[in-house]
Amino acid sequence: MHKLGFIGTGSMAGALVQAAAAGGHGAECILTNRTLEKAQRLAEQVSADCVQTNAEAAKDAEFLFLGVKPYQMAHVLQEISSVLDERRAAGDEVVLVSMAAGITIKNLQDMAGGAYPVIRILPNTPCAIGKGMVLMTLSENVSDEQRDAFCTLMEHAGRFDEVDEGMMDAGGVVAGCTPAWAYLFIEGLADGAVEAGLPRKKAMEYAAQAVLGAAAMCLTEGAHPGPLKDAVCSPGGSTIAGVHALERAGVRGAAMDAVTAAFEKTKQMAKG
């Protein structure tokens with residue numbers, strides 16, 4: 001029996017596999033994917049096992065990650081439902097781990113055909129390097145022992161926050177989508193630095209490290225981005241001139257629009 005099974009090894013699930021491997025649990029993972037070669041390559045990288053079918057993965061994992069798109073979830077659960085039933089009848093119930101946006105615990109249990117224990121998570125790709133932000137909510141029948149075991153197995157993914165399910169979609173948007181938006185910002189900063197005469201490699205390094213440092217400052221106890229921003233803005237200086245340019249371009253409004261647009265899309269996906 002493997003500790004962790006993964007149906008689907010795309011970007012998000014792959015990041016979680018890498019996090020598990022970083023914690024020394026690579027050999028305790030069993031992987032499968034629609035394109036089997038993709039799962040095989042990842043399995044080789046982290047010393048995991050690879051199987052050809054979803055049913056095989058479902059039969060041999062304590063925690064089964066459903067790393068598929070929301071519109072694929074019902075089909076996958078229908079495909080493995082007989083395996084889940086057999087395990088339940090034998091007293092060997094698997095914990096389903098969903099990372100699909102918009103699909104509630106109740107939705108997932110209905111699709112699976114039974115009130116299986118469910119851990120619903122919304123991770124992001126920085127989990128691959130231990131810098132992820134993972135939201136988590138549990139069905140009532142997940143035991144304390146199962147919760148603790150899961151958190152131990154995945155502790156190298158980054159920060160975890162257990163929230164009420166009603167907060168998952170909004171929280172998952174800002175945690176899960178922000179890396180993509182931050183990459184755009186970092187790339188834009190680097191492009192500006194290149195235009196100002198800096199070599200591309202140095203421009204990317206400086207921009208990325210500066211954003212990383214700023215984010216770390218925001219995570220210190222009691223910190224708020226407003227005063228942190230003010231501390232960098234000297235009177236009549238270059239930073240406040242740049243802040244003015246960003247405000248003129250509507251950077252805050254654009255950030256808010258990105259979050260609300262992604263949130264609305266998440267709600268649409270939940271409806272199918």
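The two residues Asn33 and Ala39 make their nearest non-hydrogen contact at CB-CB, 3.7 Å. Nearest approach of Met204 to Ala190, heavy atoms of both residues: SD-CB, 3.3 Å. Nearest approach of Asn141 to Ala115, heavy atoms of both residues: ND2-O, 2.7 Å. Minimum heavy-atom separation, His25 to Glu28: ND1-OE1, 2.6 Å. The two atoms that bring Gly172 and Leu135 nearest to each other are N-CD2, 3.5 Å, heavy atoms only. The two residues Leu64 and Ala57 have their closest heavy-atom pair at CD1-O, 3.9 Å.
A salt bridge is defined here as a Lys NZ or Arg NE, NH1 or NH2 lying under 4.0 Å from an Asp or Glu carboxylate O, and Arg147 with Glu162 meets this definition. Taking a cutoff of 4.0 Å between a charged side-chain nitrogen and a carboxylate oxygen, Arg87 and Glu93 do not qualify as a salt bridge. By the 4.0 Å N-to-carboxylate-O rule, Asp49 lies too far from Lys3 to be salt-bridged with it.
Checking side-chain atoms of Asp85 against main-chain N and O of Ser82 turns up no donor-acceptor pair under 3.5 Å. Of the possible donor and acceptor atoms, one in the side chain of Thr260 sits under 3.5 Å from a partner among the backbone N and O of Asp257. Counting only distance, with no hydrogens or angles, the side chain of Arg120 and the backbone of Ser98 share no donor-acceptor pair below 3.5 Å. In this structure a side-chain-to-backbone donor-acceptor pair under 3.5 Å is present from Gln72 to Lys69.
Once rounded to the nearest 0.5 Å, the distance linking CD of Gln40 with OG1 of Thr9 reads 10.0 Å. Taking CZ from Arg41 and OG1 from Thr35, the interatomic distance works out to 8.5 Å, rounded to the nearest 0.5 Å. Going from atom CG of Leu122 over to atom CG of Asp161 covers 11.5 Å, rounded to the nearest 0.5 Å. Considering OG of Ser139 and CD of Gln146, their distance stands at 8.5 Å, rounded to 0.5 Å. If you take CG on Leu228 and CE on Met217, they are separated by 5.0 Å, rounding to the nearest 0.5 Å. Atom OH of Tyr183 is separated from atom CD1 of Ile186 by 7.5 Å, given to the nearest 0.5 angstrom.
The local environment of CD in Gln52 is sparse, with at most 12 non-hydrogen atoms from other residues, nucleotides or ligands closer than 6.0 Å. The environment of Arg34 atom CZ is sparse: at most 12 non-hydrogen atoms of other residues, nucleotides or ligands sit within 6.0 angstrom. The neighbour count for Glu165 CD, taken as heavy atoms of other residues, nucleotides or ligands under 6.0 Å away, is above 12.
Within the 4.5 Å cutoff, no side-chain heavy atoms of Phe263 are placed close to those of Val174. Side-chain contact between Glu62 and His2 is absent, with no heavy-atom pair separated by less than 4.5 Å. Using a 4.5 Å heavy-atom threshold, the side chains of Asp191 and Glu187 count as touching. Between Val259 and Met256 the shortest side-chain heavy-atom distance does not fall below 4.5 Å. Taking the side chain as every heavy atom from C-beta outward, Leu108 and Leu96 approach each other to under 4.5 Å.
The cluster map of Ile, Leu, Val, Met, Phe, Trp and Tyr, joined by side-chain heavy atoms under 4.5 Å apart, puts Ile30 and Ile7 in different clusters. If you chain together hydrophobic residues whose side chains sit under 4.5 Å apart, Val94 and Met73 fall into the same group. Hydrophobic clustering (side-chain heavy atoms under 4.5 Å, transitive across Ile, Leu, Val, Met, Phe, Trp, Tyr) groups Leu77 together with Ile105. There is no path of hydrophobic side-chain contacts, each under 4.5 Å, that joins Met111 to Val83.
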Quick one, Leu36 with Cys50, criterion side-chain contact (heavy atoms from CB on, under 4.5 Å). Give me CA distance, side-chain angles, the key distance, then yes/no.
CA-CA 8 Å; Leu36 189 59; Cys50 184; 3.7 Å; yes
Verify side-chain hydrogen bond (donor to acceptor under 3.5 Å, both in side chains) between Glu155 and Thr152, making sure each step is shown before the conclusion.
CA-CA 5 Å; Glu155 62 184 348; Thr152 297; 5.4 Å; no
What verdict does the side-chain contact (heavy atoms from CB on, under 4.5 Å) test give for Leu189 and Val211, after you've listed the backbone C-alpha separation in whole Å, the side-chain angles of each residue and the deciding distance to 0.1 Å?
CA-CA 10 Å; Leu189 295 174; Val211 171; 4.1 Å; yes
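For the residue pair Thr53/Glu56, the side-chain donor-acceptor check at 3.5 Å is satisfied.
Summarising the hydrophobic clusters (Ile, Leu, Val, Met, Phe, Trp, Tyr; side-chain heavy atoms under 4.5 Å, direct or chained), the residues clustered with Val97 are Leu4, Phe6, Met12, Leu16, Val17, Leu31, Leu42, Val46, Phe63, Phe65, Val95, Met99, Ile119, Ile121, Val134, Met136, Leu138, Val142, Phe150, Leu153, Met154, Phe160.
Applying the side chain to side chain donor-acceptor pair (under 3.5 Å) criterion to Arg159, with sequence neighbours excluded, gives no partner residue. With sequence neighbours excluded, the residues forming a side-chain contact (heavy atoms from CB on, under 4.5 Å) with Ala15 are Cys127, Ala128, listed by chain and number.
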